[in-house]
Amino acid sequence: PALIAAAETYPATFVGATQRGLALFNSASGGLIRQLTWAPLIGGDQYPSVAGDIRRVYFARAISSCDGTGSSGGTWVVSTDGGPSSAVVASPPQDVDLSPIVSPDGRMLAWVRTTCRKVGVGLFVRDLESGAQRVISIPPDVEVAPLAWAPDDRHLLVTNFTAGGQRASMMDAGTARSTNDAARLQESACEQQFPRFLPDATFVALSCSLIGGKPGDALAVFDPASGLELRILQEGIPLPSPNDAVFNVTVSSFSSSPSGESAIWTTVPDGANRQSNVWRWSDGRAEQLPAFASEVAW
């Protein structure tokens, strides 16, 4: 009974990217429920993004490595109920699709297309109901990651990476011609990492507690118009820090629950051929799950 009660505070399942492909896991026990995809022998299935109904998972499939003929297989989708995966859109030869993000209602999809030479092609936005698609250009000196869709299915939170650092911005995905058209959010005391929008159009992100905290130890709610912190939902999350020699690991992915009150993440130990570990934060405590995945998503 205690296990059932605890599981109600976070989604019952999560999707993880493994060496074999994407898989569906039990969030309470970490046990494997079913294998969703079988990744190509050369390449892999990465960047899982789960629609709000928890029935569809969008991901980037790499068909082969970037050699003379290699390219990404494009952006794909698979049902968590089982069944074959299918391509949403195929990428041209020598292009690679990265970081697909689906909106909470499952209608809008965004992803970045780059080349095997790491030259940006554009930020793609697709209406999955109508099939309408547009491309937002990326300046040559900028890298972009789409992060989260607002509930209006129009505004997209992105991060621009430049020589001067990274900045979070809000973009009108229906009118923007370039990623430079995004409105930069006001600087916060801590970076807003791994954001997720709440139903009230604010967003929750991994940040820090300003009272005795360290960067990346709290889930806070932010105003998308100003970028200012509104409140702290959870704090004391024991994430490894680059300056903390005890952990000596890196956070490879992080996903908050739809309510923002729980989280799941993966850590990768330093060194080659080391297995990734999965952690769940709920009810004010962290628990390592007996599951192995390099990326996770709720």
Side-chain angles (χ1 to χ4, degrees), residues 10-11 14-17 27 46-52 54 57-60 98-104 110-112 143-151 155-161 165-171 182 185 187-199 201-209 213-224 227-242 247 249-268 276-282 286 289 293-298:
Y10 48 83
F14 70 90
V15 174
S27 295
Q46 300 175 301
Y47 306 104
S49 179
V50 183
I54 320 179
V57 184
Y58 292 84
F59 61 97
L98 303 171
S99 308
I101 292 292
V102 65
S103 61
W111 70 94
V112 170
E143 293 184 19
V144 174
L147 298 175
W149 281 100
H155 288 86
L156 183 65
L157 189 63
V158 300
T159 293
N160 291 344
F161 299 90
Q166 67 183 64
R167 59 186 179 94
S169 304
M170 283 292 293
M171 173 188 296
L185 299 185
E187 296 291 345
S188 177
C190 296
E191 291 182 0
Q192 301 144 344
Q193 304 178 69
F194 308 106
R196 182 172 193 153
F197 275 88
L198 301 177
T202 61
F203 69 88
V204 61
L206 184 64
S207 186
C208 68
S209 172
K214 65 178 182 180
D217 73 344
L219 285 170
V221 178
F222 294 88
D223 178 0
L228 295 178
E229 182 180 292
L230 300 177
R231 64 185 185 279
I232 297 257
L233 284 180
Q234 299 284 326
E235 57 185 342
I237 302 175
L239 290 178
S241 167
F247 287 94
V249 297
T250 301
V251 176
S252 54
S253 70
F254 183 97
S255 178
S256 61
S257 63
S259 67
E261 296 181 352
S262 301
I264 193 167
W265 67 88
T266 52
T267 56
V268 181
S276 302
N277 295 313
V278 179
W279 297 80
R280 188 194 69 239
W281 170 267
S282 59
L289 300 179
S294 57
E295 298 170 303
V296 289
W298 264 337

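Any value given below was found using the heavy atoms of this structure, including those in side chains, with hydrogens, waters and symmetry copies removed. Because the structure is predicted, anything quoted here is derived from the model rather than measured.
By the 4.5 Å heavy-atom criterion applied to side chains, L219 and F254 are counted as neighbours. For the pair I101 and L147, the minimum side-chain heavy-atom distance is 4.5 Å or more. Within the 4.5 Å cutoff, the side chain of L185 has no heavy atoms near those of the F222 side chain. Here the side chains of V251 and L206 are not in contact, with every heavy-atom distance at 4.5 Å or above. Between V278 and F14 the shortest side-chain heavy-atom distance falls below 4.5 Å. With a 4.5 Å cut-off on side-chain heavy atoms, F194 and S256 do not count as touching. Side-chain contact between H155 and P224 is absent, with no heavy-atom pair separated by less than 4.5 Å. The shortest distance between side-chain heavy atoms of S103 and F197 does not fall below 4.5 Å.
If you take CZ on F203 and CG on L157, they are separated by 5.0 Å, rounding to the nearest 0.5 Å. F59 CZ to S49 OG: the interatomic distance, rounded to the nearest 0.5 Å, is 12.0 Å. With values rounded to the nearest 0.5 angstrom, S207 atom OG is found 6.5 Å from I232 atom CD1. The structure places OH of Y47 at 11.5 Å from OG of S253, a figure rounded to the nearest 0.5 Å.
With sequence neighbours excluded, the residues forming a side-chain hydrogen bond (donor to acceptor under 3.5 Å, both in side chains) with T202 are D200, listed by chain and number. Partners of S255 under the side-chain hydrogen bond (donor to acceptor under 3.5 Å, both in side chains) rule, at least two apart in sequence or in another chain, do not exist in this structure. Contacts of S257 classified as side-chain hydrogen bond (donor to acceptor under 3.5 Å, both in side chains), with partners at least two apart in sequence or in another chain: S259.
Of the N and O atoms on the side chains of S27 and W298, at least one donor lies less than 3.5 Å from an acceptor on the other residue. Judged purely by distance below 3.5 Å, without hydrogens or angles, the side chains of S252 and S294 never pair a donor atom with an acceptor atom.
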